[in-house]
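Just below is one structure, and these are the notes that go with it.
Chain identifiers are assigned alphabetically (A, B, ...) following the order of the sequence lines, protein sequences preceding nucleic acid strands; residue numbering begins at 1 within each chain. The figures that follow rest on heavy atoms only: side chains count, while hydrogens, waters and symmetry mates do not.
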2 protein chains.
Amino acid sequence: MAYRETEKMRQRKAMARQKIVDCTYACVSDGGFRSARITRIAALADVATGTIYRHFESREDLFAEVFRLATQREVDKVAEALATEGDVTARLEHALRQFAERAIRGPVMAWSLIAEPVDPKVEEERLKYRRAYAALFEGAIREGIQNQCIPDQDASQSSTCLVGAIAESLVGPLSPAQADGNVSIAAEDKDRLVNSIIRFCMQGLTGARN
Amino acid sequence: MAYRETEKMRQRKAMARQKIVDCTYACVSDGGFRSARITRIAALADVATGTIYRHFESREDLFAEVFRLATQREVDKVAEALATEGDVTARLEHALRQFAERAIRGPVMAWSLIAEPVDPKVEEERLKYRRAYAALFEGAIREGIQNQCIPDQDASQSSTCLVGAIAESLVGPLSPAQADGNVSIAAEDKDRLVNSIIRFCMQGLTGARN
DNA sequence: ACAAAGAATGAATATTGATTCACTATTTCC
DNA sequence: GGAAATAGTGAATCAATATTCATTCTTTGT
């Protein structure tokens, strides 16, 4: 025998794989999945196109993995915001703000995760992602209903409305950002936007104007 | 001279063109713009692929026209609902219901009009469509603010939230219409769904639980 | 240093559809 | 009927990318 897989090689391989994932993430952040070409990813990662296929079965599989990682990051942030101390409505508001602000910071990625049409394997990941969100928001809304901070309602349906209102507000205006070379919005506009959305959402949830 | 365009021919041509438009509409209703292949449209319309190019500059132009027609139809319905007698909130509620019910009836088309990524020329039409909606809802919200049925708020932003909440509920991946093998939902479920969305939206707008 | 095994390469291939265009068919008018 | 003009056809072409695979380069153990 001559060659056997060694620790050093395993690590080098893992690093190459990671670099491919990172560069794919960068490409997607820039123009969405659809415009992320294998050749561009390969060039960025400084490997040959063929190399990508030693690490991933197909473009679709690579994308599914990148999607999974990206969403995990987002969902974690929201979960974190919901897990703080305080009453349910405050925590929900905090979580919505987190969601909205992150989407504004990375509008193309937000659009890709929420709305861009993707291949079946990626769509499957998206379903899990939506379910994770739904579960988080729903849980909080249920808790709110229980201790009467929030009037009785279909928690699952309301959480869908929350996501929709935010997504449309952020992704709608910002997704043509890929078309024109859209510049990012000014900080005070961003704040007004986020506050406006949150007011609508919290009011839709609780009926309370604050 | 020998041949000159005659009325009969003009009509026949117009009919062929109309048939192409109709079949494109059908294809889009079925699977969105992206999956509407020229070959399939041609087959449906019972013409050769080349014929389509005698009536339209390109696939994109054909799609732009179909988009324009489809949205005109939708916007007209909402405008109609808003133009009835009664107080603003009742009319807004009526319009939202119209919007939601139509989207449920044709979820794929609704998704195509609202969220599917499309080519630039079609995107341009979508912008007009959004503006038309924004103008309609906004106008009503402004009117409501003026005569104090609705608290002061960013009318344009609120109208975006309305569209988003409905769109996500009806055409998002978690919507009942898509989740199961898109068998149409039962009438009473549909009603509950629409009522639930509308409650959220009206409450988001007015803060009033009814 | 060498042979065996694996990893990387990237030009060539495959695929998927839109679009073209040389040709055929139809309509019109004499 | 026949010539001129236009309409319709659909196989061939083109374009844009994902994917393959024969070849080259690296690593490893003796």
| A:Phe67 and A:Phe63 aromatic centres sub-6.0 Å | no
| said: Whole angstroms only, please: what is the CZ-P distance between A:Phe56 and C:dA7? | reply: 15 Å
| Ring geometry between A:Phe137 and A:Tyr133 (parallel below 30°, tilted from 30 to 60°, perpendicular above 60°) | parallel
| message | For B:Glu60 and B:Thr6, find the nucleotide of DNA chain C closest to each by heavy atoms; which residue's nucleotide sits nearer the 5' end? | response | B:Glu60
| said: From CD1 of A:Ile20 over to P of C:dA7, roughly how many Å is that when rounded to an integer? | reply: 13 Å
| query | Once each nucleotide of nucleotides 7-17 of chain D is scored for protein heavy atoms under 4.0 Å, what B/S/- sequence comes out, 5' to 3'? | reply | SBBBB-----S
| message | If I compare all heavy atoms of A:Glu65 with all of A:Phe56, which pair ends up nearest, and what's the gap? | response | OE1-CE2, 3.7 Å
| query | Could you state the OH-P distance from A:Tyr53 to D:dA18, rounded to the nearest angstrom? | reply | 7 Å
| query | B:Gln11 CD to C:dT27 C1': how many Å, rounded? | reply | 15 Å
| Nearest atoms (heavy-atom pairs only) where A:Ser58 meets A:Tyr53 | CA-CE2, 4.0 Å
| query | Within this structure, what is the CZ-to-C1' distance between B:Phe33 and C:dG17, rounded to whole angstrom? | reply | 18 Å
| field | Partner set under side chain to side chain contact (heavy atoms under 4.5 Å, CB included) for B:His94, not counting sequence neighbours | value | B:Ala81, B:Thr84
| message | What is the distance, to the nearest angstrom, from the CD atom on B:Glu7 to the P atom on C:dC29? | response | 12 Å
| field | B:Lys121 and B:Glu60 ion-paired at < 4.0 Å | value | no
| query | Tell me: CZ of B:Arg4 to P of C:dT26, nearest whole Å? | reply | 23 Å
| task | Starting from C1' on C:dG10, measure out to CD1 on A:Ile41 and report it in whole angstrom. | result | 17 Å
